[in-house]
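For reference, the structure discussed in these notes is given below.
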Amino acid sequence: MLSTSATDELQQKLIRQSPIGIFDSGVGGLSVLRHIRQQLPDEALCYFADAGFAPYGDKPESVITERTLLIAQFLIGRGVKALVVACNTATAAAIKLLRAQFPELILIGVEPGVKPAARLSHTGCVGVLATSSTLASSKYQALCAQVQRTTQIRFIHQACPGLADLIERGELNTPATMQLLETYLRPMLQAGADTIVLGCTHYPFVEETIRRIAASHLLQQVELVDTGLAVARQLQRLLTEQHKLSQPGHQSPPLQFYTSGTPEKLTLALQQLLNIAPTDYSAQKMFAI
Ligand code: DGL
């Protein structure tokens, strides 16, 4: 029989080897996953794309909360040691509830980077691109009010219906995407925004297109704020503090992908967005969720 300390040690080892759960309404969370892979290359990752229910951005908060809880339960059932809600919309709707339901779990949400944007802006005017649901949430409004109490920053908010759908379809720089982005960016660029917050995890995938449009408005120096790296660093800090970092191994750690949509679409997205080949992971459709 194993002694208590040997059992504890074995349990610690198992926890360290457990995967990190990451989820989003679709492919957007992959913009966070890429930073997590870079920052924590020894960690096993388990990603859930809720593509069967995307987009979240114009759904009622109650629906987003219900989906978020279901997916969190599913990933916790896969034994994750930490959960990253790689979706601004789901974080705004449900992170409080998740924290109350799973107080022991390392849980990290994402929110629009309005604080770093306020520090970066020279013109004092910051544009925020996000979903309608994120912008309307009390969590986001409280964050903005907090920044505005201490700075003179003017925020120009722009909800972007249709943009996450185009990105889900892999249309990163098609005429349709250019046109939609031009419509969303023009008012903030004309108002003098020199810093733009990418307040939805899908939007970093159209960063190049945004830069091209900003350049066509003769604004070469526009700063784009994406919080993916900050989220990966926060995850690394919490795992380190709790002695849950995985140890380097001989093989690359497993990557698992689940979707409530079509696995073939997720496979294409992984290739197009992150250059991950199908031989490097397993992908499954989840019918039960
Ligand atoms: N990627 C998600 C976010 O960060 C939402 C996109 C959507 O499903 O509307 O808010």
Side-chain angles (χ1 to χ4, degrees), residues 21-36 47-72 83-96 98 107-114 117 127-141 143-144 157-172 177 180-181 184 196-207 210 224-232 234 257-262 265-266 269-270 272-274 289:
I22 305 167
F23 89 89
D24 178 48
S25 62
V27 300
L30 297 177
S31 71
V32 179
L33 178 139
R34 66 181 167 186
H35 287 290
I36 295 176
Y47 186 89
F48 192 103
D50 199 14
F53 290 80
Y56 280 2
D58 24 31
K59 295 213 165 44
E61 208 171 273
S62 58
V63 175
I64 302 164
T65 303
E66 194 188 328
R67 295 299 305 162
T68 303
L69 283 176
L70 267 174
I71 295 162
L83 180 63
V84 179
V85 182
C87 174
N88 293 264
T89 311
T91 301
I95 196 94
K96 213 167 148 193
L98 283 181
L107 186 58
I108 298 177
V110 297
E111 59 185 12
V114 289
V128 183
L129 302 172
T131 68
S132 313
S133 179
T134 298
L135 294 178
S137 68
S138 49
K139 190 169 188 324
Y140 177 71
Q141 290 186 1
L143 173 69
C144 252
H157 293 114
Q158 178 64 60
C160 304
L163 184 55
D165 295 289
L166 286 166
I167 297 167
E168 282 292 311
R169 294 207 291 272
E171 293 201 35
L172 308 185
T177 304
L180 193 65
L181 270 171
Y184 292 153
I196 296 175
V197 176
L198 306 178
C200 165
T201 51
H202 280 72
Y203 305 164
F205 291 122
V206 287
E207 204 179 299
I210 294 176
L224 302 183
V225 179
D226 160 20
T227 53
L229 178 59
V231 167
Q234 166 79 339
F257 291 92
Y258 296 94
T259 177
S260 58
T262 330
K265 269 182 74 180
L266 185 58
L270 285 165
Q272 182 193 17
L273 302 175
L274 298 189
I289 285 196

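Both ligands and their constituent atoms are indexed starting at 1 by order of listing. Computed from a predicted model, the values in this text were never measured in an experiment.
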**Q.** Which of the ligand 1 atoms, numbered from 1, are nearer than 4.0 Å to a heavy atom of T89
**A.** 3 (C), 5 (C), 10 (O)
**Q.** Residue portion contacting ligand 1 (non-hydrogen atoms closer than 4.0 Å) for C87
**A.** both
Q. Can you list the atoms of ligand 1 that are under 4.0 Å from a heavy atom of Y56?
A. 7 (C), 8 (O), 9 (O)
(Q) Please classify the T201 to ligand 1 contact at 4.0 Å (heavy-atom distances, strictly less than): side chain, backbone, both or neither. (A) both
(Q) Test of understanding: given a 4.0 Å heavy-atom threshold, classify the contact between D24 and ligand 1 as side chain, backbone, both, or neither. (A) side chain
Q: Please identify which atoms of ligand 1 are closer than 4.0 Å to at least one heavy atom of P55.
A: 7 (C), 8 (O), 9 (O)
Q | Option passing side chain to side chain contact (heavy atoms under 4.5 Å, CB included) with L224 (candidates I210, V197, L129) | A | I210
Q. Run the side-chain contact (heavy atoms from CB on, under 4.5 Å) check on L273 and L172 step by step: do they pass?
A. CA-CA 10 Å; L273 302 175; L172 308 185; 3.7 Å; yes
Q.
Considering both backbone and side-chain atoms of S25, is one of its nitrogen or oxygen atoms within less than 3.5 Å of a nitrogen or oxygen in ligand 1?
A. yes
Q) N/O of G57 under 3.5 Å from N/O of ligand 1, yes or no? A) yes
(Q) With a 4.5 Å cut-off on side-chain heavy atoms, are T68 and F23 touching? (A) yes
(Q) Is a donor from one side chain sitting under 3.5 angstrom from an acceptor on the other, for S260 and D50? (A) yes
Q. So F257 and Y47, would you call those rings parallel, tilted or perpendicular, with 30° and 60° as cut-offs?
A. tilted
Q. Does some side-chain heavy atom of H202 sit less than 4.5 Å from a side-chain heavy atom of S25?
A. yes
